[in-house]
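To keep things clear, I will list the structure first and then write my remarks on it.
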Amino acid sequence: QWIYLNGEYVAKHEAKISVFDHGFLYGDGIFEGIRIYNGNIFKCKEHLDRLYDSAKSIMLDIPLSYSEMERALIETIRKNGMNDGYIRLVVSRGDGNLGLDPRRCPKANVVIIVEQLAIYPPEAYVNGLKSVSVSTRRNIPDALNPKIKSLNYLNNILVKIQANLAGAGEAIMLNAQGYVAEGSSDNIFIVKNGVVFTPPCYVGALEGITRGAILEICGKIGLPVRIEPFTLHDVYVADEVFFTGTAAEVIATCEVDGRVIGSGKAGPITTRLLEEFRKIVE
Ligand code: PDD
């Protein structure tokens, strides 16, 4: 397995960064999770646009142009002979000193890892995941804006820890006002009376690319969509609930905080959307 590290390809066990990297020291950096289907990078432009937006927002200067980054992705996939897999693209502020001042980091570090990935077994897409709501709140947009896909993932990790402690497969994060924001590393949708709902990102969600693809599919197949805030009550009484993400794809949740959702398995609209999603990625 070859890792792209600052323009060089190094073997997996050789791929090391300095302990003075500010991504390591402070979580100062950004990343993308991208899928490869049939040798193609799914939604490459959308992912790189989001990466460069995240970089701009935290004033991190990525030392590769958009096209150089795209070429690095393609080359890393080719070098690893990857046809279906997952790309983790990480750009940290770079090596500096112990101070947190980014001006001490002359050059960002760029890492590209490609791996096989199946975060849920096939049956989970039929049976759905058990989910819980957690007390860890989504950081509100004027703190660290959730639209920035930063390496500051402790908020998400604390949510995942609470899901683990509850023996649940996924967790639902609320924002400070108590509105449903998203999952630990995926966006959330509910279906009620044939209408598909998902929170607007300002509630405290990453503008998910899979979320965008699902919204497009809803439009294409004539499913009414409402992008508006909703609460846990709306989740509990929904006919269907599902999460979307590059790693997760489209995964139903069959129970939230002990409330069985709909039939207790992936619902008809969730199943249809997953089928349509699989068609567009092939
Ligand atoms: N997650 N929200 C959060 C907090 C995420 O980390 C992710 C992606 C999403 C889904 O966004 P997208 O559809 O663009 O992947 C939402 C990991 C990194 C992943 O799924 O790769």
Side-chain angles (χ1 to χ4, degrees), residues 23 27 29-37 41-54 57 73 82 84-91 111-120 124-125 129 131 133-134 136-141 143-163 169-175 179-190 198-218 227 241-251 253 270 273-274 276-278 280-281:
I30 53 176
F31 78 104
E32 280 295 325
I34 309 170
R35 274 246 188 213
I36 314 155
Y37 293 106
I41 303 174
F42 182 58
K43 298 277 185 184
C44 186
K45 180 179 183 323
E46 289 78 354
H47 279 288
L48 290 185
D49 285 348
R50 188 169 66 185
L51 181 85
Y52 282 85
D53 283 353
S54 298
S57 190
L73 289 176
M82 193 63 75
D84 288 285
Y86 180 83
I87 305 169
R88 176 50 57 86
L89 165 54
V90 184
V91 184
V111 174
I112 300 173
I113 302 165
V114 292
E115 294 213 330
Q116 296 296 341
L117 181 92
I119 64 168
Y120 299 116
Y125 289 86
L129 299 172
S131 307
S133 62
V134 293
T136 303
R137 289 287 176 267
R138 198 5 153 190
N139 34 21
I140 49 179
L144 174 58
N145 195 317
K147 287 182 122 178
I148 300 169
K149 200 171 172 71
S150 91
L151 295 177
N152 265 256
Y153 247 53
L154 208 44
N155 188 199
N156 312 63
I157 290 160
L158 291 173
V159 167
K160 187 66 183 168
I161 289 171
Q162 287 192 274
E170 193 28 320
I172 297 173
M173 227 184 316
L174 308 183
N175 71 6
Y179 286 110
V180 170
E182 58 179 343
S184 64
S185 64
D186 38 37
N187 292 102
I188 187 167
F189 287 75
I190 62 175
T198 196
C201 295
Y202 65 74
V203 168
L206 178 75
E207 191 154 9
I209 287 163
T210 317
R211 170 182 178 276
I214 291 301
L215 290 172
E216 273 171 35
I217 291 170
C218 288
I227 299 180
V241 179
F242 60 91
F243 295 99
T244 64
T246 297
E249 295 180 308
V250 180
I251 183 104
T253 188
T270 307
L273 288 171
L274 177 56
E276 294 298 327
F277 181 75
R278 291 226 185 284
I280 65 168
V281 302

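Computed from heavy atoms alone, side chains included, the values below leave out hydrogens, waters and symmetry copies. Counting convention: from 1, in listed order, for ligands and their atoms alike. This one's a predicted model, so the numbers in the text were calculated from it and none came from an experiment.
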Q.
Can you list everything that forms a salt bridge (charged side-chain N to carboxylate O under 4.0 Å, His left out) with Asp49? Sequence neighbours excluded, please.
A. Lys45
(Q) Please enumerate all residues that pass ring pair (Phe, Tyr, Trp, His ring centres under 6.0 Å) together with Phe277, with sequence neighbours excluded. (A) Phe42
(Q) I'd like to check the ring pair (Phe, Tyr, Trp, His ring centres under 6.0 Å) partners of Phe189; sequence neighbours left out, ordered by chain and number. (A) Phe242
Tabulated below should be the N or O atoms of ligand 1 paired with protein N or O atoms at under 3.5 Å; can you produce that?
residue: ligand 1; atom: 1 (N); partner: Lys149; partner atom: NZ; Å: 3.4
residue: ligand 1; atom: 1 (N); partner: Ser185; partner atom: O; Å: 3.2
residue: ligand 1; atom: 2 (N); partner: Glu182; partner atom: OE1; Å: 2.7
residue: ligand 1; atom: 6 (O); partner: Lys149; partner atom: NZ; Å: 3.1
residue: ligand 1; atom: 6 (O); partner: Tyr153; partner atom: OH; Å: 2.2
residue: ligand 1; atom: 13 (O); partner: Ile209; partner atom: N; Å: 3.2
residue: ligand 1; atom: 13 (O); partner: Thr210; partner atom: N; Å: 2.9
residue: ligand 1; atom: 13 (O); partner: Thr210; partner atom: OG1; Å: 2.7
residue: ligand 1; atom: 14 (O); partner: Arg50; partner atom: NH1; Å: 2.8
residue: ligand 1; atom: 14 (O); partner: Arg50; partner atom: NH2; Å: 3.0
residue: ligand 1; atom: 14 (O); partner: Ile209; partner atom: N; Å: 2.7
residue: ligand 1; atom: 15 (O); partner: Thr246; partner atom: N; Å: 2.9
residue: ligand 1; atom: 15 (O); partner: Thr246; partner atom: OG1; Å: 2.6
residue: ligand 1; atom: 20 (O); partner: Thr246; partner atom: N; Å: 3.3
residue: ligand 1; atom: 20 (O); partner: Ala247; partner atom: N; Å: 2.9
residue: ligand 1; atom: 21 (O); partner: Tyr86; partner atom: OH; Å: 2.5

Q) With a 4.5 Å limit on heavy-atom distance, are the side chains of Ile30 and Lys149 in contact? A) no
Q: Measure the CD1-CD distance between Ile280 and Glu216 for me, rounded to the nearest 0.5 Å.
A: 7.0 Å
Q) Without hydrogens or angle criteria, can the side chains of Thr244 and Glu249 be said to hold a donor-acceptor pair below 3.5 Å? A) no
